[in-house]
Amino acid sequence: MSLKLIRLAAALLALSSGVLAQEGGATGPSTLNPSYKCDPTTCVMPKCYCASSNPPGGLTPAKIPQFITLTFDDAVNSVVEPVIYNLTNYHVNPNGCPLAATFFVSTQWTDYWRVQKLYGNGHEIACHTMNHIGNPPVEEIQGSQIALNHYGGVPKNSLLGFRHPFLLYSTQSYQNLASLGTFLYDSSMVVEANTPIWPYTLDFGPAIGCVTGSCTGNFSFPGLWSIPMPNLNNPDDTINTSMDPLATATAPLTSDGILAMLKFNFLKHYNGQRTPMGLFLHATPALPTIEPQRLTAYMQFISWTQSTYPDVYWVTNQQLLAWMRNPTDTQGSLTNPALGCTIAARDPSNAEVCDGVDNKGDGNIDIGLTESCSYMDQNAYFSSCFGCPSKAPNVSDPNPSTTSTRHFIPDAGCPNAGTWDPVAGQCVNLKRKVAVAGEAPFNPPPGIQIPGISNQSSTSPSQGSKSAAASRFDFSLALALVPAAAFALLTRHA
Ligand SMILES: [Zn+2]
């Protein structure tokens with residue numbers, strides 16, 4: 001192993017384990033802020049909304065949907081990708097739309113083309129800085145937005161969300177975020193499981209007690225939404241964590257133990273005020289390789305909510321806020337555009353466009369259209385529909401010069417749900433058909449049965465796309481295997 005590779009492995013291991021330990025261990029102050037005051041007669045939708053445990057619109061909790069947000073943090077690459085698709089691709093919401101998740105992407109170690117695939121598959125892409133920096137300066141926030149826009153192919157006006165790395169925030173970091181004027185929400189503040197609240201705007205400061213000393217001075221950000229992160233509690237109602245459920249005495253690290261804890265927390269929300277529940281995860285290589293019981297439990301939990309309850313929706317943060325601004329009861333939510341499908345599978349008659357989507361439906365995604373970009377001196381490798389810039393996007397230059405003839409996506413994307421063709425530099429209106437659950441690019445891991453989903457045959461398009469993807473020369477796979485091996489070593493000796 002060269003010195004460079006050893007440094008890379010160390011950095012990746014520090015990133016993976018550090019994030020898990022710190023971002024996932026937020027059990028600090030999280031009760032409601034007693035000095036929070038907001039007047040609902042002057043703070044009105046859509047620009048202002050007071051924090052409350054009650055549903056918006058005066059609706060009765062038992063008569064509205066239960067929302068669950070599935071979020072993933074950090075880099076997106078080929079190893080985390082199967083984890084993600086296994087959790088999201090096998091179920092539909094009550095309105096027939098596929099589940100959608102939110103990705104808080106840090107751009108270091110990220111393969112931009114895989115971000116584009118997630119966006120093309122109907123998920124929300126949000127910012128998490130470039131280098132995973134807590135209390136981030138404005139350059140880290142803005143740089144990630146520029147890079148995800150240019151090389152992830154996500155329209156700037158869709159990059160609306162932010163999560164602070166390590167959940168480390170301050171008045172200054174919120175000022176940095178708000179100063180850019182393009183973000184709709186932040187989701188970094190943890191709230192106690194037994195005092196959950198709905199998302200609200202920060203016009204009147206934090207409704208949740210900040211980590212000591214972190215919200216000093218004028219903490220007021222009009223119009224910027226805060227989406228609280230409710231803690232998960234153990235089945236004995238002691239605090240577990242907010243992210244990446246921990247193994248504890250009453251929530252042992254078995255699929256049954258983790259599943260029982262998730263059900264316990266779900267029922268708190270469902271039988272209470274129906275405040276949104278969150279399953280906040282890091283899709284690390286550890287999930288399928290070292291702790292497959294976690295992945296099994298998450299998959300079983302999603303299956304359980306969708307097969308047991310006719311009113312549970314797994315939505316993106318943007319969908320959640322859109323529903324809150326146009327709240328409807330359970331019946332009305334079936335046709336509420338806020339919860340509409342964000343994915344449309346393509347019609348086979350379409351030509352392949354470099355947009356992260358299987359346009360023809362033949363199992364091949366962007367074959368022959370992407371380029372592999374390698375920057376040894378920056379330890380950066382990614383694939384891209386937008387050509388390879390002179391160096392990898394970084395915080396001092398998130399928009400490096402390029403000689404590529406590819407065209408960046410317009411800030412506003414394409415009208416009428418069209419797709420951007422970066423080769424021709426124009427919007428293309430593609431024929432569409434409604435996506436259905438089970439049209440997934442990946443199959444469940446061996447031994448995991450998903451209710452209602454039969455194992456797909458080897459001739460299905462799903463299998464085709466998996467082998468097509470696997471046959472690509474893949475820098476990020478090699479990159480991601482390094483921390484997997486390091487994890488394995490660490491576990492064996494720890
Ligand atoms: Zn993170």
Side-chain angles (χ1 to χ4, degrees), residues 7-8 10-16 18-19 22-23 71-77 80 102-116 118-119 124-156 158-170 172-183 185-188 282-284 373-384 386-402 408-409 411 475-476 479-480 483:
R7 279 207 197 109
L8 176 62
L12 281 169
L13 180 63
L15 184 72
S16 312
V19 166
Q22 298 181 50
E23 217 163 59
T71 75
F72 296 93
D73 286 16
D74 302 350
V76 167
N77 52 46
V80 306
T102 302
F103 292 80
F104 293 98
V105 182
S106 48
T107 56
Q108 190 183 33
W109 320 124
T110 280
D111 182 339
Y112 290 98
W113 177 67
R114 293 174 199 279
V115 171
Q116 195 174 5
L118 290 170
Y119 180 70
E124 177 183 347
I125 305 300
C127 297
H128 195 52
T129 75
M130 299 199 87
N131 296 300
H132 205 269
I133 304 292
N135 282 326
V138 71
E139 295 79 17
E140 280 282 347
I141 304 170
Q142 188 173 33
S144 67
Q145 193 181 39
I146 291 170
L148 291 171
N149 172 223
H150 282 173
Y151 291 96
V154 184
K156 192 176 175 188
S158 293
L159 290 162
L160 301 178
F162 187 74
R163 174 165 290 157
H164 286 72
F166 309 109
L167 307 183
L168 272 177
Y169 53 82
S170 63
Q172 182 63 54
S173 68
Y174 273 95
Q175 280 171 0
N176 296 341
L177 183 66
S179 72
L180 292 169
T182 60
F183 284 91
Y185 74 88
D186 172 78
S187 182
S188 307
H282 291 86
T284 70
C373 310
S374 168
Y375 307 90
M376 292 298 279
D377 57 329
Q378 293 175 274
N379 285 329
Y381 315 90
F382 57 85
S383 44
S384 162
F386 300 89
C388 297
S390 57
K391 55 188 172 185
N394 62 86
V395 73
S396 59
D397 189 2
N399 186 19
S401 62
T402 178
F408 293 137
I409 193 168
D411 284 356
F475 286 118
S476 65
L479 198 70

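We use all heavy atoms of the structure for the numbers below, so side chains are in, but hydrogens, waters and symmetry mates are not.
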Return the minimal non-hydrogen interatomic distance between [X] and [Y], and the atom names on each side.
X    : Y    : result
S384 : W113 : N-CB, 4.1 Å
P393 : P389 : CD-CG, 4.3 Å
S188 : Y174 : CB-OH, 4.2 Å
T110 : V105 : OG1-CG1, 3.5 Å

Among D73, T129, D74, the one residue meeting side chain to side chain contact (heavy atoms under 4.5 Å, CB included) with F104 =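 In the set D73, T129, D74, the residue that makes a side chain to side chain contact (heavy atoms under 4.5 Å, CB included) with F104 is D73.
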
Taking the side chain as every heavy atom from C-beta outward, state whether [X] and [Y] have any pair of such atoms under 4.5 Å apart.
X    : Y    : result
W109 : N379 : yes
S179 : V138 : yes
I141 : F183 : yes
F103 : V80  : no
C373 : Y151 : no
V115 : L148 : yes
L159 : I125 : yes

Does [Y] offer a backbone N or O that forms a donor-acceptor pair with the side chain of [X] under 3.5 Å?
X    : Y    : result
N176 : P136 : yes
E140 : V395 : no
Q108 : M130 : no
N135 : S173 : no

| message | Testing the 3.5 Å rule here: is there a donor-acceptor pair between the side chains of Q145 and N149? | response |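 No, because no side-chain N or O of Q145 sits under 3.5 Å from a partner of the opposite role on N149.
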
Distance-only side-chain donor-acceptor flag, R163 / T102, under 3.5 Å |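 No donor-acceptor contact under 3.5 Å links the two side chains.
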
Rounded distance (nearest 0.5 Å) linking atom [atom1] of [X] with atom [atom2] of [Y]:
X    : Y    : atom1 : atom2 : answer
E124 : L118 : CD    : CG    : 12.0 Å
H282 : T71  : NE2   : OG1   : 8.5 Å
C127 : L180 : SG    : CG    : 9.5 Å
Y169 : D186 : OH    : CG    : 9.5 Å
H150 : N399 : NE2   : CG    : 5.0 Å
T107 : F382 : OG1   : CZ    : 10.0 Å

task = With sequence neighbours left out, write down each residue that passes side chain to side chain contact (heavy atoms under 4.5 Å, CB included) with Q378, or none if nothing qualifies.
result =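 Q378 satisfies side chain to side chain contact (heavy atoms under 4.5 Å, CB included) with Y375, A380, K391, A392, N394 only.
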
(message) Students often mix this up, so state it plainly: with edges at 30° and 60°, are the rings of F408 and F386 parallel, tilted or perpendicular?
(response)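 Plane angle between 30° and 60°, so tilted.
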
Check: F166 ring centroid to H132 ring centroid under 6.0 Å
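F166 vs H132: aromatic centres under 6.0 Å.
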
